[in-house]
K.L.:
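To start, I am sharing the structure in question, which I have written as C-alpha cells.
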Amino acid sequence: MNLNKTIIATLLAVYIAVPLAFGSDNYVMSLVVASMVIGGIALSWALLGNLGGMVSFGHSAFFGVGAYTSAVLSMKFGIPVFVAMLLGGAGAVVASLTMMPVLRLRGPYFALAILAYAHIFRILATEWTSVTGGSGGLSNVPRLPEIMGYDFSSKTGGYLVILTIVLVFAAIYQYIRRSHYGLALRAMHESEDATRVVGVNSTLLKGLMLLVSAFMCGVVGAFNAHYINFLEPDYAFSGLWVTIPIVAAIFGGYRTITGPIVGAVVVYLIDQLIFKNIMPSGHQLVLGVLLVAMIVFSPEGLLSLVRKFTRRNHVAT
Amino acid sequence: MTELILQALYSGLLQGGSYALIALGLALVFGAMKVINLAHGELVLLSAYIAYTVESGLGWNPIFAIPIALVVVCLASVMVYFVVSRIKKDREINSLILTYGIGVILTNVILLIWKADARSTGSSWMQEAFVIGPLYSMRSEVLFFAVSLVLMGGLWWWLSRSWYGRAVRAVSSNRDAAKLMGINPGYTELVAFVVAGILAAFAGVALFSYGVISPAYGNVLTVKAFIITVLAGIGSIPGVLIGAVLLGVAEALTVTLASSALQELAGMGLFLLVLFIMPNGLFGAKGRRG
C-alpha cells in the first residue's frame, strides 16, 4: 500500500510537476528530454547486461537503425509517426537478428563483436545514399503529431512521450524479471552450464533478451529522430549513444530498474550543465573517469555504495 | 588489373605487419589475465601521436619517437594493469566496462592535447618510394614490416625460451598449476601488459609513418585487433601474422576494387565468414564458444 502510494506520487510528480515547473524554459526542458532519451538507452542496455549477462558496446547500432527506419518509413511512405516509431523498434530487432551468430561467442568476444557491428551499420547508413541520404543526412524528419488537440511536437509534448516510453519499458523489464524467464536468466547468471543441464535453452533466452533490448533502444532512437527532426549517420550511430548510457547505468546501478533511468538524468545533467561549460571539447573525459571510478570502487552503483556506508554505521563489524 | 590486384596484395601484406603487433598485444594480455583490453587501440594511437609530436615539434624523423613512445605507452599499459587488477568481482564483465572507460579517457586526452584534426607524416625520408619489380610502396611500409617481423621473432623466442615468457604461457594455460610451480600470476600479468605496451609503441609509430591518424581511430584499431584474433584463434604467433595479413589484404583489395569507404566492411565480412564456417578460427583454439 505504502509502495503504491510512493509510485503514484512519483508518477504525479514526473507527469505534472516537471512540465509545470520547467515547461516554460525550453533549454531546461530540452536537457530533460535528452536525459530521458539517454535513460531509455541505459535501461535497454542494463536489461541486456543484467538479465542476459552480456555487455554491449554496440547499442548505437540499434539506436541508429531505429531512428533511420522510423524516419524513412514516415517520410517516404507516409506512415503515422507513432506507428513508425514502433516499426523503428522492429527495424532494430531485425538488425539484432543479424547479430545472432555472435551469440555463439562467449563474454568478452561477444562484447567486441557487437562493437564491430556498430561500425558496420554506420558505414551502411553513410553509403546507402538512395535511402538514407548519405552523410548529408535527412532533414525534415516528420515531427511528433498533434493528437486530440494536443501538440506533441513541443518540448513538453516530447517530454510526455519519452517519459511514457521509458516507463512502459521499465514495466516490461519488471514483468520479464518476475516471469519464469527472469528466474531462468537469474539462474544463468549464477551458472550457465548448470542451467542448461536442467533444460533451459540459454542461447535462445539470451537471444530473446537481445531482441527485447534492441527493440527498446530502437524505439528510443526513433523518438529522438522525430523529436529533433534531423538525422545524419555520424550523429545517429555516434559512440556517445553507447558511452553515456553505460556510464549512467553503472552509476545508477545496472542491476536495478530505476538505477539506469535516475543515473541517466543525473549524469547527463551534470555533464551538460557543469562539465560542458568547463571544457567544451573532450568533456567526455569526465565520463570515462567516472566509469573507471565506479567499477573500481562500487560496480553495483552509487546506491549500493551509500547503503554500504550506512550499514557500516549501524552494524559494528 | 592484375597489376592492381598484385599491388593490393603487396600493400595488404605490409599493412599486416603492424596489425599483427596490435593483435598480439591484445591476445597476450587476454591469455595471461583473461581480460580483453578495450583500450589497447588507444594505447597504439597514443604512441602514434607521440611520433607526430616528435616530428612536428622537434623536426626529427618519427623513428626517434620510439624510445619516448616505449616509455609512455608501457607506463600507460602498466597503469591499465593496476586499475584492472583492482576489480574484485565479476571480472569478466567489469574489466570490459573498465577498459572501455579507460579507452574513453585516452581518446579524450588525445583530443584535448592534439585536437580532432587528422594527422599524417610529413617526412620525405619515410615517404620515399621503395620499388621491387612492379610493386610500389613507401620506404616506411617496408621498414616497419621488417621491424614487426623482427619483433614477432623476438616475441616467439621470448615466449618459448625465456623464463618470463614461459611463465606467461603457463599462467595462460592453467593459472592454478602455474601458481603451484612457484610462478607469481600477478607479476606475470604485469609483464604481459608491459610486453603488450612495447608492441603497441612500435605499432603506433609505424601507423603514423605510413598512415593517417585521428582521435577516433583507436576504437577502430581495437576492433581490427579483435577480428584478427578471431581469424587466427588465440595461441599461435604465425596464426596471428597470417590473420593480420589476411585482414590487410582484404582491406587493400576492397579499397582497390570497390571504395575506400567500405574498407572496414571488408574486415567485418571476413570476420563473419570465419565465425560461420570455422568458429574456432583458422588455426584452431578452443574455449571461445558459449
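Since this is a predicted model, take the numbers as computed values, not measurements.
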K.L.:
Does any backbone or side-chain atom of A:Y117 lie under 4.5 Å from a heavy atom of chain B? Answer side chain, backbone, both or neither.
P.N.:
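For A:Y117, backbone and side chain are both near chain B.
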K.L.:
Are A:N50 and A:R177 close enough that some pair of their side-chain heavy atoms sits under 4.5 Å apart?
P.N.:
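A side-chain contact under 4.5 Å exists here.
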K.L.:
Go through the atoms of A:I120 and report whether side chain, backbone, both or neither lie under 4.5 Å from a heavy atom of chain B.
P.N.:
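Contact with chain B is through both the backbone and side chain of A:I120.
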K.L.:
Using side-chain heavy atoms (C-beta onward) and a distance below 4.5 Å, is A:F57 in contact with A:I246?
P.N.:
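A side-chain contact under 4.5 Å exists here.
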K.L.:
Which residue in the set B:Y217, B:F208, B:W114 passes ring-ring contact (aromatic ring centres under 6.0 Å, His included) when paired with B:Y49?
P.N.:
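Passing option: B:W114.
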K.L.:
Answer with side chain, backbone, both or neither: which region of A:Y254 has an atom nearer than 4.5 Å to a non-hydrogen atom of chain B?
P.N.:
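For A:Y254, the side chain is the part near chain B, not the backbone.
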K.L.:
Side chain from CB out, backbone as N, CA, C, O: work out which of these in A:L290 comes under 4.5 Å of a heavy atom of chain B, or both, or neither.
P.N.:
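Interface part for A:L290: neither.
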K.L.:
Is A:V242 in contact with chain B via its backbone, its side chain, both, or neither, using a 4.5 Å heavy-atom distance?
P.N.:
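Both parts, heavy atoms under 4.5 Å.
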K.L.:
If you count heavy-atom pairs under 4.5 Å with chain A, which of B:N94, B:V35, B:I87 comes out on top?
P.N.:
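Top count of heavy-atom pairs under 4.5 Å with chain A: B:N94.
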K.L.:
Given a strict heavy-atom distance threshold of 4.5 Å, which part of B:L106 is in contact with chain A: side chain, backbone, both, or neither?
P.N.:
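Neither; nothing under 4.5 Å.
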K.L.:
Please assess A:H119 against B:N219 for the test side chain to side chain contact (heavy atoms under 4.5 Å, CB included), listing each intermediate value before the final yes or no.
P.N.:
CA-CA 10 Å; A:H119 286 276; B:N219 200 317; 3.7 Å; yes
K.L.:
Is the gap between the ring centers of A:Y235 and A:W241 under 6.0 Å?
P.N.:
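Yes - the distance between ring centres of A:Y235 and A:W241 falls below the 6.0 Å cut-off.
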K.L.:
Among B:L207, B:T222, B:I213, whose side-chain contact (heavy atoms from CB on, under 4.5 Å) with B:V44 holds?
P.N.:
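Only match with B:V44 under side-chain contact (heavy atoms from CB on, under 4.5 Å): B:L207.
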K.L.:
Could you look at A:E127 and say if it's the side chain, the backbone, both or neither that has a heavy atom under 4.5 Å from chain B?
P.N.:
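The side chain, not the backbone.
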K.L.:
At a heavy-atom separation under 4.5 Å, does B:L112 approach chain A through its side chain, its backbone, both, or neither?
P.N.:
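Only the side chain of B:L112 comes within 4.5 Å of chain A.
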K.L.:
Considering only heavy atoms and a distance below 4.5 Å, find which of B:V223, B:L98, B:L111 pairs most often with chain A.
P.N.:
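Ranked by heavy-atom pairs under 4.5 Å with chain A, first place is B:L98.
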K.L.:
Can you find a heavy atom in the side chain of B:I110 that is under 4.5 Å from one in the side chain of B:T107?
P.N.:
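In short, these two side chains do not touch, never coming nearer than 4.5 Å.
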